[in-house]
Amino acid sequence: MLKDCSCGELNKGHVGTSVNLAGWVDRRRDHGGLTFIDLRDSEGIVQVVFNPKVTESYHQITSEVRNEYVIQVTGEVAIRPPGTENTKLATGEIEVIARSVKILNTSKTPPFYINEDIEVDESLRLKYRYLDLRRARMQEILVLRHQVVKFIRDFLNERGFIEVETPILIKSTPEGARDYLVPSRIHPGKFYALPQSPQQIKQLLMVAGVGKYYQIAKCFRDEDTRADRQPEFTQLDLEISFVEEEDILNLMEKMFTSMVEILKPEMRLIKPFPRLSYADAMESYGIDRPDLRFGLEISDLSDIAAGTDFSVFRSAIDQGGRVKGICAPGCGNYTRTQLDELNRLVRGWGAEGLLTISLGDSAGSLEDLTMEMIKSVATRFLTLEQILEMARRLDASAGDLLLIVAGKLELVSTVLGELRQEMGLRLELTDPDLLAFTFIVDFPLLAHDEKTGRFEPMHHPFTAPKDDDILLLDNAPEKVHGRHYDLVCNGLEIAGGSIRIHTPELQRKVFRLLGYTDEEMEELFGHMLEAFEYGAPPHGGIAPGIDRIVMLLAGEKTIREVIAFPKTQNAVDLTFSAPSPVSHQQLTELHLNIVEEQ
RNA sequence: GGCCCCGUGGUGUAGCGGACUAACAUGCCACCCUGUCACGGUGGAGAUCAGGGGUUCGAAUCCCCUCGGGGUCGCCA
């Protein structure tokens, strides 16, 4: 080794010893006759003192060395002179008196600061990701991510799980996300697909008699990116045979609570994780992944609205729609501009409009409110009693603002769900140190697709229907609930899983409901159906997204921050400039021709 | 594919129709400095204001297009 200890690990115990250090120049302070260099390696920073009386070739070294130069230092660890300790530095009680120095490599001036935590243009960071990752913040995140994965492995290993690697080159199966395809050289015109998840393979492992499987698995989906979505991402994929819902949920609750308590003790959890049915989540939060760090729940006001003279309410209800609302506490004093902005947002989400009712501009009791204190465009169509009834239903007080949307149920829910999230942010109710995990259960098995007129799986086609609902598969498939569960945290879907189908009969029945012919079933899923013929055990699992978990624990806003080399919104890797053209020879070998786009 | 936001020395920002010959901080270069730690001091270099087109007597500033980055809807079994 070019070093016999790390910069960050030095302490008073090393005083008097001679050490070899190697690292990057974090900063240099040249006093003419005396120079300090903060030397940085992956473990931390230590101050090295260069003294012309002690350090060989002092003048040459200090005039040449610049930030980010890679140097090797031999010297004595010494206690710092009294009064010159630096409490901001972990190694601030000591310093290294350099005897000799060697420049291992020079460095151009970096395109952005390595030694300061300053926000830099993201595309520049991504182009020079290897420099970006050198920064302390990114080093912390790399370590945290490692700790999370290590925690997961330890936790599952202790419980009898084994990690099994599964292929990256597999078969394209339809629906779901768009596949990334890999052309076959050996089989002209045929393609492998990269796994969207190892779903089918892990089920085959269950048939193979692996009782408890897991894998830190790369997954690939050729869909547009988001702050929490990348073309390739990492899942903890796990599957257990002879398992039931309760086992999986308990395992996950234990894993995530222990993980947070050990790795991020400063963050708070709500225990036990609350459980919400899909229907209740949609009803109260307008979304199947609610942020439960705050309330602002949605309530149905349809019955009250039906009794009013307000035509917007009446016509929505006459057309089978609903009137629902939320209460924004303390927002009764919102200005016209602020209210207009909320209206614009709501229209942007597809609603006809937003009815705002201001319950006065100062806090107090509902009972003291008079019609004169209430501000709303609808005041002349509503009685004081009707307004108070809505306010009570929304758990509002004087000084609050009621936000009400009328229309078709689905739209009203979605819009209020968005508005709720927006108000949660504006009112700063989204405490970054709180992790509000919640399980969402009782999903419908299928969703009806308006465009194709077909049923689509809510989760995936291998999810088992609830036993009590199996008879409904024949005549009312839309009413069937699946044995599917999600884990949600702070408005993010953290994990999704289910108890799977394990008999060929039921699997065929579900495929048929999804519109597959017998021939398609055999061609696309024959391997699964056949496997189920050979004593497939009941089994189920779940797949938490590693990137999203680390993002939450790191307090970051995008998963790009917790991925070493992420892609841009356009799915481009700026470090490598991928994707890139390939040679004609490569294309020929793969039996491919490029068609020029218009 | 739709909607929205952003693009000014290396970096981060200011400037938002005329006083811009583009400001500030930091970084960079040179010189000075033996106890600093975001060291300090003096001096200096560094910007086709993302690119193109237009409006105007005059554009970093207004409009259009393109490119790049981001957010989001669609999409994500």
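Chain identifiers are assigned alphabetically (A, B, ...) following the order of the sequence lines, protein sequences preceding nucleic acid strands; residue numbering begins at 1 within each chain. Computed from heavy atoms alone, side chains included, the values below leave out hydrogens, waters and symmetry copies.
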_Sub-6.0 Å ring centroid separation between A:Phe443 and A:Tyr278_ = yes
*Which nucleotide sits closest to the side chain of A:Leu34: B:rG35, B:rU26, B:rA77?*
B:rG35
*asked:* Any base atoms under 4.0 Å from A:Arg560, or only sugar-phosphate, or nothing? Heavy atoms, all strands.
replied: sugar-phosphate
_Please classify the nucleic acid contact of A:Pro81 as base, sugar-phosphate, or nothing, using heavy-atom distances under 4.0 Å._
base
*What nucleic acid atoms does A:Asp121 come within less than 4.0 Å of, heavy atoms only: base, sugar-phosphate, or nothing?*
sugar-phosphate
*Length of the line joining A:Gln569:CD and B:rC6:C1', which is rounded to integer Å*: 12 Å
_Going by centres under 5.5 angstrom and planes under 30 degrees, do the aromatic ring of A:Phe36 and the base ring of B:rU36 stack?_
yes
*Could you work out which one of B:rG10, B:rC33, B:rG69 sits closest to the side chain of A:Tyr113?*
B:rG10
*Looking across every strand, which nucleic acid part, if any, lies under 4.0 Å from A:Glu119 by heavy atom: base, sugar-phosphate, or nothing?*
sugar-phosphate
*Give A:Arg80 one of three labels, base, sugar-phosphate or nothing, depending on what nucleic acid heavy atoms sit under 4.0 Å from its own.*
base
*CZ/A:Arg548 to CD/A:Gln230 distance, rounded to the nearest 0.5 angstrom?*
11.0 Å
*Paired with B:rC67: which nucleotide, if any, by Watson-Crick or G-U wobble criteria at under 3.5 Å for both distances?*
B:rG7
*Contact class for A:Ser197 vs. all strands (heavy atom < 4.0 Å): base, sugar-phosphate, or nothing?*
base
*Base, sugar-phosphate alone, or nothing: which one does A:Leu89 contact when heavy atoms must sit under 4.0 Å apart?*
nothing
*From A:Asp30 CG over to A:Phe36 CZ, what is the distance, rounded to the nearest 0.5 angstrom?*
10.5 Å
*Which is true for A:Asn115 with a 4.0 Å heavy-atom rule: it touches a base, it touches only sugar-phosphate, or it touches nothing?*
nothing
*asked:* Measuring from the side chain of A:Glu418 (C-beta onward, heavy atoms only), which nucleotide among B:rC76, B:rC37, B:rC73 has the closest atom?
replied: B:rC73
*Contact class for A:Arg226 (heavy atom, under 4.0 Å): base, sugar-phosphate, or nothing?*
base
*Just call it for A:Gln200: base, sugar-phosphate, or nothing, with non-hydrogen atoms closer than 4.0 Å on any strand.*
nothing
*Report which part of the nucleic acid A:Lys53 touches: base, sugar-phosphate, or nothing (heavy-atom distance under 4.0 Å, all strands).*
base
*Under a 3.5 Å cut-off for both distances, is B:rU48 Watson-Crick or wobble paired, and to whom?*
none
*For A:Arg28 and B:rA38, what is the distance between atoms CZ and C1' respectively, to the nearest whole Å?*
14 Å
*asked:* By nearest atom, which of the nucleotides B:rG12, B:rU36, B:rC76 is closest to the A:Ala177 side chain?
replied: B:rC76
*Assess A:Arg508 against A:Phe525: is NZ or CZ under 6.0 Å from the centre of the six-membered ring, and within 45 degrees of the ring's axis?*
no
*Quick one: look up who B:rU42 pairs with, Watson-Crick or G-U, both distances under 3.5 Å, and put none if it's unpaired.*
B:rA30
*Is A:Lys567 salt-bridged to A:Glu232, cutoff N-O under 4.0 Å?*
yes
*B:rC39 base stacked by A:His31? Criteria: ring centres under 5.5 Å, plane angle under 30°.*
yes
*Look up atom CZ in A:Arg40 and atom CZ in A:Arg135, then write down how far apart they are to the nearest 0.5 Å.*
11.0 Å
*With sugar-phosphate meaning primed atoms plus P, OP1 and OP2, does A:Glu493 contact a base, only sugar-phosphate, or nothing at under 4.0 Å between heavy atoms?*
nothing
